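Structure, as structure tokens:
Given the structure is predicted, the values throughout are model-derived calculations rather than measurements. Position 1 is the first residue of the sequence, and the numbers go up from there.
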Amino acid sequence: IWAADSGAEGRTLAGHTTEVSMVAFSSDGTRVFSGTREGVVKIWDTETGAEVLTLMGSQTTGVFKTNGTHVVCGSDSGLVRIWSAETGAQVCTVTTHGG
């Protein structure tokens, strides 16, 4: 994680075993998630660099809900998953017209 104002390197978040394909910050900047095409999403604490949660499921893109309470991820197959960013519980799965 680099500082946006200075470009100084701050933290390195290590934990994925394959290439990271998506990253998003919570709106308050206290959490960041990183995800792989293999279906692993990790939520990190930006202050400490600690891994907070690991979520599993296929996805290619994702965002934090505006208030930071949920992570929403979608896949090329049309599957959308919503997880609690606090507990890691899967809240909802929706199938769209993917492909």
Side-chain angles (χ1 to χ4, degrees):
I1 300 175
W2 290 270
D5 56 350
S6 67
E9 185 174 343
R11 297 207 177 279
T12 299
L13 306 175
H16 286 288
T17 57
T18 60
E19 182 177 307
V20 171
S21 59
M22 64 176 170
V23 176
F25 279 88
S26 61
S27 61
D28 65 3
T30 62
R31 298 276 194 263
V32 63
F33 80 75
S34 55
T36 69
R37 288 200 172 266
E38 287 74 22
V40 179
V41 173
K42 293 184 180 286
I43 299 178
W44 309 86
D45 182 298
T46 57
E47 183 67 27
T48 66
E51 182 181 321
V52 177
L53 290 170
T54 298
L55 311 170
M56 301 298 292
S58 62
Q59 57 274 324
T60 54
T61 188
V63 295
F64 269 99
K65 186 177 173 189
T66 305
N67 65 6
T69 59
H70 293 85
V71 172
V72 180
C73 292
S75 70
D76 291 338
S77 68
L79 186 66
V80 176
R81 297 176 198 264
I82 303 172
W83 286 286
S84 165
E86 297 300 317
T87 67
Q90 187 170 305
V91 177
C92 182
T93 302
V94 178
T95 303
T96 65
H97 300 286

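Residue Val94 is not grouped with residue Leu79 when hydrophobic side chains (ILVMFWY) are merged at heavy-atom distances under 4.5 angstrom, including chains of intermediate members. When hydrophobic clusters are built by joining Ile, Leu, Val, Met, Phe, Trp and Tyr residues whose side-chain heavy atoms come closer than 4.5 Å, directly or via intermediates, Val71 is grouped together with Val52. A continuous path of hydrophobic side-chain contacts links Val32 to Val20 [ILVMFWY only; heavy atoms under 4.5 Å]. A continuous path of Ile, Leu, Val, Met, Phe, Trp and Tyr side chains, each step under 4.5 Å between heavy atoms, connects Val23 with Leu13, placing both in one hydrophobic cluster.
Considering all non-hydrogen atoms of both residues, Gly68 and Ala85 come closest at O-CB, 3.4 Å. Closest heavy-atom contact between Thr46 and Arg11: O-NE, 3.5 Å. Among all heavy-atom pairs drawn from Ala24 and Val63, the shortest one is CB-CA, 4.4 Å. The shortest non-hydrogen separation linking His16 to Ser34 is NE2-OG, 2.7 Å.
Rounding to the nearest 0.5 angstrom, the gap separating the CD atom in Gln90 from the CH2 atom in Trp83 is 6.0 Å. Taking CD1 from Ile43 and OG from Ser84, the interatomic distance works out to 8.0 Å, rounded to the nearest 0.5 Å. Here the straight-line distance linking atom CZ of Arg81 with atom SG of Cys73 works out to 9.0 Å at 0.5 Å rounding. To the nearest 0.5 Å, atoms OG1 (Thr30) and CD (Glu47) are separated by 10.0 Å. In this structure, the separation between CE on Met22 and OG1 on Thr36 is 7.5 Å, given to the nearest 0.5 Å.
Sequence neighbours left out, the pairs with a member in residues 18-32 that pass salt bridge (Lys or Arg N to Asp or Glu O under 4.0 Å) are Arg31-Asp45.
Phe33 and Phe64 have tilted rings, their planes meeting at an angle from 30° to 60° on a 0 to 90° scale.
Judged as a side chain to side chain donor-acceptor pair (under 3.5 Å), and not counting sequence neighbours, Thr95 has no contacts. Scanning for side-chain contact (heavy atoms from CB on, under 4.5 Å) contacts around Ser6 gives Ala3, Ala8, with sequence neighbours left out.
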